[in-house]
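Here the structure is laid out as structure tokens; the discussion comes afterwards.
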Amino acid sequence: MKYWLMKSEPQVFSIDDLEKAKNQTTFWDGVRNYQARNFIRDEMKVGDKVIFYHSNSEPPAAAGICEIVKEAYPDFTAFDPDNPHFDPKSKIDSPAWFMVNVKFVKKFSTIVPIEEMRNNKKLINMQLLKRGNRLSVMPITKSEFDEIVKLGK
DNA sequence: GCCAACGTTGGC
DNA sequence: GCCAACGTTGGC
């Protein structure tokens, strides 16, 4: 089993939105970066655990946990010219972009702000904290996952 | 609101 | 294939 961290802007889609979603499940659409796409398409498996991270929020923070419940399939929002994530490069018979379904597991009783992660020796190697990081989907280790869960409670 | 860092685009 | 210009991300 692998462990991941996925970013979402809470004003667009938050951990609360996931908790309230039908079956507490949603499709993770809109990833338009090749490195992130490759993680989604090639490495995410059902049962993998994911830290749900709130980016562009005050404060930016890990907010909870979800898990992969459906492996990669074409991101259909790329096919829809009216969708903000539309990408004419992605064709139905040769999709460029993929998504997975995730299911709510828990919301942290205490969010874990990025600053707290920066100050934690066990977390300092995470790609999230690397200078200039813009990746929205990234792998983390089991010990990093466990440490964040411990802090978030 | 600012701006550094980064990925993508397009002219050559 | 290079690289300058541009748009976006996302912390601060």
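Reminder, nothing fancy here: chain letters follow the sequence lines and each chain counts from 1.
- Listed by chain and number, the residues in a ring-ring contact (aromatic ring centres under 6.0 Å, His included) with F52(A) are W28(A), H54(A) (sequence neighbours excluded).
- A salt bridge between K122(A) and D146(A) is absent, with no side-chain N of the basic residue lying under 4.0 Å from a carboxylate O of the acidic one.
- Residues forming a ring-ring contact (aromatic ring centres under 6.0 Å, His included) with F145(A) (at least two apart in sequence, or on another chain): Y3(A).
- Checked by atom type, the side-chain pair E43(A)/N38(A) shows no donor-acceptor distance below 3.5 Å.
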Would you tabulate the nitrogen or oxygen pairs shorter than 3.5 Å linking the protein to nucleotides 8-12 of chain C?
from, atom 1, to, atom 2, distance (Å)
dT8(C), O2, R134(A), NH2, 3.3
dG10(C), OP1, K7(A), NZ, 2.9
dG10(C), OP1, R134(A), O, 3.1
dG11(C), OP1, Y53(A), OH, 2.9
dG11(C), OP2, N56(A), N, 3.1
dC12(C), OP1, R118(A), NE, 3.3

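- In this structure, K106(A) is not positioned above the aromatic face of F104(A) in the sense of NZ or CZ being under 6.0 Å from the six-membered ring centre and within 45° of the axis.
- Note on K130(A): nothing from the nucleic acid sits closer than 4.0 angstrom, heavy atoms only.
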